[in-house]
Number of protein chains: 2
Amino acid sequence: MLSEAVQDYLKSIYKLSHASQAGEMVTTSLIAERMQVSAASATNMIKKLAELRLLDHTPYQGVELTPTGVKMALEIVRHHRLLELYLRQSLGYDWDQVDAEADRLEHAISEDFEDRIDRALGFPTVGAHGEPIPSKEGDIAVHNYRRLADMAEGERCWIRQVSDRDPALLRYLDEHGLILGTEVEIRERAPFRGPLRIAIGVDREHHLGLEAAEQIYVEIAAA
Amino acid sequence: MLSEAVQDYLKSIYKLSHASQAGEMVTTSLIAERMQVSAASATNMIKKLAELRLLDHTPYQGVELTPTGVKMALEIVRHHRLLELYLRQSLGYDWDQVDAEADRLEHAISEDFEDRIDRALGFPTVGAHGEPIPSKEGDIAVHNYRRLADMAEGERCWIRQVSDRDPALLRYLDEHGLILGTEVEIRERAPFRGPLRIAIGVDREHHLGLEAAEQIYVEIAAA
DNA sequence: GAGCGAATTTAGCCATGACTAAATCCAATG
DNA sequence: CATTGGATTTAGTCATGGCTAAATTCGCTC
């Protein structure tokens, strides 16, 4: 059984490798920052994970999960996302609270618990923030979403996924009706790094900071 | 925040002090056995808990929780019993499985989670095995139950509480309809350490080992 | 190609909570 | 009241996973 610390690092590295460009290595400092530990501590754990064959470490360059490492990470991600959804659906948690509580619980639940909430939720494939939920076998759906920040003026799209990293953003989006499935049209884009003016549904308009729009993933609505 | 290990010891010591006679001290070896650690490890932790003023330690004699220690223990017990009940009621766990899963989860849940399952369960005062659930303030009901093993021939009673320490017993009792609330009459007692012959309801009879009957707590039924 | 600065790694330390082996205490027995 | 055996404590070790400070490496600039 992998220790809690090992599981946390694996999950963070997995998420970081997805946030970075394909082929890019995940650096020690990125891991340290995400885990809120010193760079030296991160190096320590990296060496341990390499020892366990869960990742390949190129010193001074970065790390990359091995297939085994990815498999382990996906198990943890599955626990996390099922828990998030369960907390939301069955216990009424707010959108921005589920991540923290799932972090606490994900190491503690048994396979049996996992199966039971999976069944209670109707075997969902998508989590509380729209992320794909890995299957028990370690398969994970690949969604071809685009960032809302990358959309052009006049385009229409549905909100399909939102980063779970920023509770304040989640609270804001929830309060303003920008939930999963909402249809949005880009009315106007500021030329450089300014906000987007977007239309929500047919009658409401909204200004959204670029930083927020970079954390929202959308599916293009049919023309 | 108390560490998981500290919480586990507190819970075990609290339960042991209730299983023993009033005023009796809880010994190092009892704690070691219950926690599945060596006696030396238990001594280590006892010294730490004494340092934290959670218990009083009389060397070579035993320990006794301080009022603060009891308060901390009751918080953990409250988490545990609410979780057990939730697992049973909302996720369909069997009677003999809830203890193990609650052990995993009890350290991980937040106050918010506790409040939410408390509400979902309708603010219960009794746990899955009939044990009182401490209130958030640290009050706990005292039930004046007797052991089924101490009942005399001809007496009638209701099953009110069962020890959660033996999953095999719980499974057995559940399968034979000896659940909480069942009315039972003692038909015959073997003279010394033999089984009891009991009647369940009006038409069924059953032989129950003395060891089992010592772990079942009952309320005398009105004559 | 030397040097600089930032990132990374190494070295050495600490707390926690296990362990074994050895010493010590205490109660019971003769 | 001395002895002895079981319970308890002490002493010393280990693994885990943090930390800081110091050394090292790498990429970039001159």
Side-chain angles (χ1 to χ4, degrees), chain A residues 1-13 16-17 19-21 23-65 69 72-73 76 103-104 106-108, chain B residues 1-13 16-17 19-21 23-65 69 72-73 76 103-104 106-108:
Chain A
M1 191 55 185
L2 302 177
S3 74
E4 275 193 34
V6 166
Q7 292 185 38
D8 281 335
Y9 274 94
L10 280 179
K11 186 178 74 169
S12 288
I13 295 169
L16 285 169
S17 74
S20 68
Q21 313 297 344
E24 287 278 304
M25 290 199 129
V26 178
T27 66
T28 301
S29 44
L30 268 178
I31 297 168
E33 191 210 343
R34 182 67 71 104
M35 292 294 299
Q36 304 268 39
V37 298
S38 70
S41 300
T43 301
N44 266 350
M45 183 55 89
I46 286 168
K47 288 168 79 175
K48 177 173 188 170
L49 295 176
E51 194 84 22
L52 292 170
R53 308 272 164 208
L54 295 172
L55 53 73
D56 294 316
H57 182 207
T58 314
Y60 296 101
Q61 300 289 114
V63 303
E64 200 169 5
L65 292 179
M72 297 291 124
I76 302 152
D103 272 342
R104 304 164 182 275
E106 64 190 0
H107 306 295
Chain B
M1 189 57 184
L2 302 177
S3 74
E4 275 193 34
V6 167
Q7 292 186 39
D8 281 335
Y9 275 93
L10 280 179
K11 187 179 73 169
S12 288
I13 294 168
L16 285 170
S17 74
S20 67
Q21 313 296 345
E24 288 277 304
M25 290 198 130
V26 178
T27 66
T28 301
S29 45
L30 267 178
I31 297 168
E33 190 210 344
R34 182 66 71 103
M35 292 294 299
Q36 304 268 36
V37 298
S38 70
S41 300
T43 301
N44 266 349
M45 182 56 87
I46 286 167
K47 289 168 79 174
K48 178 174 187 171
L49 295 176
E51 194 85 21
L52 292 169
R53 310 272 163 207
L54 297 171
L55 53 74
D56 294 317
H57 182 208
T58 314
Y60 296 102
Q61 301 288 110
V63 303
E64 201 168 6
L65 292 178
M72 297 291 125
I76 302 153
D103 272 341
R104 304 164 182 274
E106 65 189 2
H107 306 296

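No experiment lies behind these values; they were computed from the predicted model shown. Atom set for the values below is all heavy atoms of this structure, side chains included, hydrogens, waters and symmetry mates excluded.
In this structure a side-chain-to-backbone donor-acceptor pair under 3.5 Å is missing from Ser12(B) to Tyr9(B). Formation of a donor-acceptor pair under 3.5 Å by the Gln7(A) side chain with backbone atoms of Leu2(A) is found in this model.
Electrostatic pairing of Asp103(B) and Lys11(B) counts as a salt bridge here, judged by a charged N lying under 4.0 Å from a carboxylate O.
Put simply, Thr27(B) has no side-chain N or O that comes within less than 4.0 Å of OP1 or OP2 on dA7(D). Checking the phosphate oxygens (OP1, OP2) of dT10(C), no side-chain nitrogen or oxygen of Thr43(A) falls inside 4.0 Å. Distances shown here put a side-chain N or O of Lys48(B) below 4.0 Å from the OP1 or OP2 atom of dG17(C). A sub-4.0 Å separation between OP1 or OP2 of dT8(D) and a side-chain N or O of His57(B) is absent. Regarding contacts with the backbone of dG17(C), a side-chain N or O of Ser3(B) is found under 4.0 angstrom from either OP1 or OP2.
In this structure, the side chains of Val26(B) and Leu55(B) stay at 4.5 Å or more apart for every pair of heavy atoms. Taking the side chain as every heavy atom from C-beta outward, Leu49(A) and Ile13(A) approach each other to under 4.5 Å. Looking at heavy atoms from C-beta onward, Leu16(B) lies out of side-chain contact with Thr27(B) at the 4.5 angstrom threshold.
Each of Val6(A), Leu10(A), Asp8(A) was evaluated against Ile76(A); a single residue qualifies, Leu10(A), per the side chain to side chain contact (heavy atoms under 4.5 Å, CB included) test.
Closest approach of Thr28(B) to Ala39(B), counting heavy atoms only: CG2-O, 3.8 Å. Nearest heavy atom pair, residue Met45(A) against residue Ala5(A), reads CE-CB, 3.7 Å.
Looking at residues 4-13 of chain A, you'll see Ala5(A), Tyr9(A) sit with a heavy atom under 4.0 Å from some atom of DNA chain D.
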Next on the checklist: Return a single string for nucleotides 20-29 of chain D, one symbol per nucleotide in 5' to 3' order, where B is base contact, S is sugar-phosphate-only contact and - is none, cutoff 4.0 angstrom on heavy atoms.
Outcome noted: BB--BSSS--

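To the nearest 0.5 Å, atoms CD (Glu33(B)) and OG (Ser29(B)) are separated by 8.0 Å. One finds the CG atom of Leu30(A) at 11.0 Å from the OG atom of Ser17(A) (value rounded to the nearest 0.5 Å). Within the model, atoms CD of Glu4(B) and CE of Met1(B) stand 8.5 Å from one another, a figure rounded to the nearest 0.5 Å.
Take the nearest nucleotide of DNA chain D for Met35(A) and for Lys47(B): the residue whose nucleotide is more 5' is Lys47(B).
One atom, CE of Met25(B), and another, C1' of dC26(C), lie 16 Å apart when rounded to the nearest Å. One can place CG of Leu49(A) at 9 Å from P of dG17(D), the figure rounded to the nearest angstrom. To the nearest angstrom, P of dT16(D) lies 12 Å from CG of Leu2(A). Summarising the geometry, the separation between CG on Asn44(B) and P on dA11(D) is reported as 11 Å, rounded to the nearest angstrom. Between the C1' atom of dT16(D) and the CD1 atom of Ile46(A) lies a distance of 17 Å, rounded to the nearest Å. Here the P atom of nucleotide dT16(D) and the CD atom of Glu51(A) are 11 Å apart, to the nearest Å.
Relative to the axis of its first five pairs, the axis of the last five pairs of the helix from dG1(C)-dC30(D) to dG30(C)-dC1(D) sits at 20°, rounded to 10 degrees.
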